[in-house]
Amino acid sequence: MGVPHSTADPMRGLNPQQLEAVMHTEGPLLVLAGAGSGKTSVIVEKIAHLINSGRMPARRIAAITFTNKSAREMRERVAKRIKEEDAKELTLCTFHALGLKILQMDGHRIGLRRGFSIFDSDDSAAQFKDLLPRGTKGDEIARMHSLVSNVKNIGLSPEQAADIAQSVREKEVASLYKEYQARLTAFNAVDFDDLIRLPVQLLETDAEALAVWRERIGYLLVDECQDTNDSQYRLLKALAGERGLFTAVGDDDQSIYAWRGANPENLLSLGSDYPSLRIVKLEQNYRCSNRILRAANEVIANNPHEHLKRLWSDRSDGERIRVWGCTDSVEEAERVAAQIALLVHQHELPYSEFAVLFRGNHQSRALEKALQIQRIPYHLNGGTAFLDRAEVKDVMAWLRVISNPDDDAAFLRAIASPKRDVGAASLTKLAALASHAGVSMARAINDPSLLRVLTPRAANGLDQFASIISSLRARSHAVSAGDLVRELLVSSGMETNFRSLAKNEADFNRRKANATELAEWFDDSRSVSVGDLNAQLALLSNADRGEPGNQVRLMSMHASKGLEFSAVFVVGCNDGVLPHETSLDEGSLDEERRLFYVALTRCKQHLYLSYSKRTSRFGNTVSLEPSRFLDELPVEEIEREGADPALDAARKKEHATAAIDAIFAALK
């Protein structure tokens, strides 16, 4: 949550520590920003100060965030502080978008050709499945994919990975990495890890390119620095140079992504890499009641700290944190739904001010049922993302082939969308012929001599496909990208195929609406090529789409980071769940405790923590223990059910009265 500012005096409203962070512009700065301490306001005001004071032109400032949504919101706020022409020149994007920009401008220096494709996780997974021995199980494919990704996030090339491999497993990973990267090179493609690794490789090995990019980026601001992996940190260092003209903003207490490569030690590395580093702590919280903050402080103090923070607020103490012990997950969900109904009745809160947080998505099932019974609208994070819908991915595959004829992964999807009498046997033969000729499959179908080897039906289907692609490629230079998508839907036969695939009229309309929405997205970006638009769209995620409206949010604790709600329910506070069983086995509780801390500090006023006393596993009843983190909460800040029978009776009466009131309201 930011601090309100006056447009007449942008600095008014900043507290002393925020103002210190904004005004320090001549050397490296680390802002340790506690939860809800207004860090976005600091970044926004610092950008405005750099530009309006004349210290740095907008075109030489880059602010890096971790999500497109954060970048968009930050850009909207910055635009209110600076001139319109400056706002257009400012670079404000994610790490991956910055990496993409570097590769689009200078990728030719490391062998990338223009129009390269970006493989998403499904594209990459398909390659690993193909490269591993036939019959390899899905879990093992995912594990090897993850191991290769980890090596990339460290910043190692296939050759470097092979050089340092010692164990049999490490050598297997290095060999697989080499084969996978060779595929990407052949397809003129990169994956998400390459969007950071390759720019780092470029800047660390090409002095001329490094000098150019340091001139382009004179001042760097990095948000959520605790979430950077090793490659991202190296990119920061390469761009910042020896002078270290940067502001890194982060919170070691909110580092919860080690499982995907984040390294919170990067915050400590800044001090050794930049001895003149200045550190400013933001400890005043503008979100939570003081009671919640005191509890959160006590919990996180159990972790080791290089720089300990104590969050505080000038708000009231607020109500005590409620801790419930429930019979099982069904009763737990029913109580959550009933309490939401009560709070809506008592405080007239919109449903969008409620969040139910859990450790794993499987915990949502009982909650969904309970909310449905209470007729409480909800939104479950992690549903099918727009960009993961089949019809959207089909259109994207066609666009990728149009802009990059070397992208065999896209070709294989496009040729089957819709099907064209080209079976698996024909595609296998085509792949072998293309490989022997040293060309991609999309290029091979333009060679009549290769098509003659196939069956007449398959050859005819491929020839038709080639003709449509050729026509659309020519049209891509004459029409807007949005219109190209609309033409593609008709000329490819995709729109007709929607009708044949649809179960009913509503299903057809949904598929067509998704494809049309994609065209409309392209309409908003007419100024760049289809290839560049493909790349930009590949960086989006479901989280970048619109808010779910007035609904209770059901989400994992990881997904809740950066959000805030009036009322928060944290369910499943059991040992083995939170902290996770793996962490208990390994004795590594620090990150799990940080995750609990993040969950606590999402809440402004009404905080509920619940656990189950038993569960059913394979038909047997198993007893569960409350999370050990609950014992770290200060007793004076919590209301633990069962500790005060009179209070428990009053709570039950409160619910009964609310239920009767709700019935009368419904009758009226």
Side-chain angles (χ1 to χ4, degrees), residues 95-96 98-114 116-121 123-133 136 140-213 228-239 260-263 265-266 269 273 404 406-409 435 438-440:
F95 263 107
H96 289 89
L98 177 62
L100 172 61
K101 184 176 181 179
I102 292 172
L103 293 181
Q104 286 176 330
M105 297 182 73
D106 286 325
H108 63 279
R109 291 175 174 268
I110 50 176
L112 273 179
R113 301 187 300 282
R114 286 200 60 80
F116 59 84
S117 297
I118 299 177
F119 273 27
D120 63 17
S121 57
D123 295 324
S124 296
Q127 297 307 314
F128 280 98
K129 181 179 180 180
D130 193 44
L131 289 168
L132 288 165
T136 301
E140 179 62 11
I141 294 171
R143 189 175 298 112
M144 294 302 285
H145 185 184
S146 177
L147 289 171
V148 170
S149 179
N150 290 343
V151 173
K152 286 189 162 195
N153 284 330
I154 296 172
L156 298 179
S157 67
E159 295 73 25
Q160 291 169 327
D163 288 342
I164 66 171
Q166 294 183 341
S167 68
V168 173
R169 187 63 154 181
E170 288 172 346
K171 291 177 181 177
E172 287 178 354
V173 171
S175 177
L176 182 61
Y177 178 15
K178 182 180 180 180
E179 292 182 85
Y180 170 62
Q181 206 61 33
R183 286 275 183 99
L184 291 180
T185 300
F187 296 162
N188 191 33
V190 298
D191 62 16
F192 285 105
D193 298 325
D194 285 331
L195 291 176
I196 308 298
R197 183 184 70 86
L198 291 177
V200 170
Q201 175 188 319
L202 170 69
L203 297 178
E204 290 183 346
T205 59
D206 190 323
E208 183 179 347
L210 178 62
V212 168
W213 278 98
T228 55
N229 61 34
D230 291 349
S231 287
Q232 288 163 337
Y233 182 71
R234 284 166 61 185
L235 183 60
L236 183 162
K237 283 180 59 182
L239 292 171
R260 68 182 190 194
N263 182 5
E265 299 298 315
N266 287 338
S269 297
D273 291 332
N404 178 15
D406 293 319
D407 189 340
D408 276 358
S435 177
V439 297
S440 68

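Given the structure is predicted, the values throughout are model-derived calculations rather than measurements.
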Qualifying residue, where the test is side-chain contact (heavy atoms from CB on, under 4.5 Å) with Asn229 and the options are Asn266, Asn153, Asp193: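 Exactly one candidate clears the test, Asn153.
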Heavy-atom distance under 4.5 Å between the side chains of [X] and [Y], does that happen here?
X	Y	result
Thr136	Met144	no
Ile118	Asp123	no
Asp194	Phe116	no
Arg169	Glu172	yes
Val173	Asn150	no

Ring pair (Phe, Tyr, Trp, His ring centres under 6.0 Å) partners of Phe95, counting only residues at least two apart: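 Only Phe66 meet the ring pair (Phe, Tyr, Trp, His ring centres under 6.0 Å) criterion with Phe95.
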Residues in salt bridge (charged side-chain N to carboxylate O under 4.0 Å, His left out) contact with Asp230, at least two apart in sequence or another chain: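 For Asp230 there are no salt bridge (charged side-chain N to carboxylate O under 4.0 Å, His left out) partners, ignoring immediate neighbours.
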ring-ring contact (aromatic ring centres under 6.0 Å, His included) partner of Tyr180, chosen from Phe119, Phe128, Phe187: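 When Phe119, Phe128, Phe187 are each tested with Tyr180, the ring-ring contact (aromatic ring centres under 6.0 Å, His included) holds only for Phe128.
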Value rounded to 0.5 Å, distance of CD in Gln181 from CG in Leu176: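 Here the interatomic distance stands at 11.0 Å.
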Listed partners of Asn404 passing side chain to side chain contact (heavy atoms under 4.5 Å, CB included), at least two apart: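 Result, side chain to side chain contact (heavy atoms under 4.5 Å, CB included) vs Asn404: Ser117, Asn188, Asp406, Asp407.
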Note: Arg197-Glu204 ion pair, threshold 4.0 Å (strictly below):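 The answer is no: the pair does not qualify as a salt bridge.
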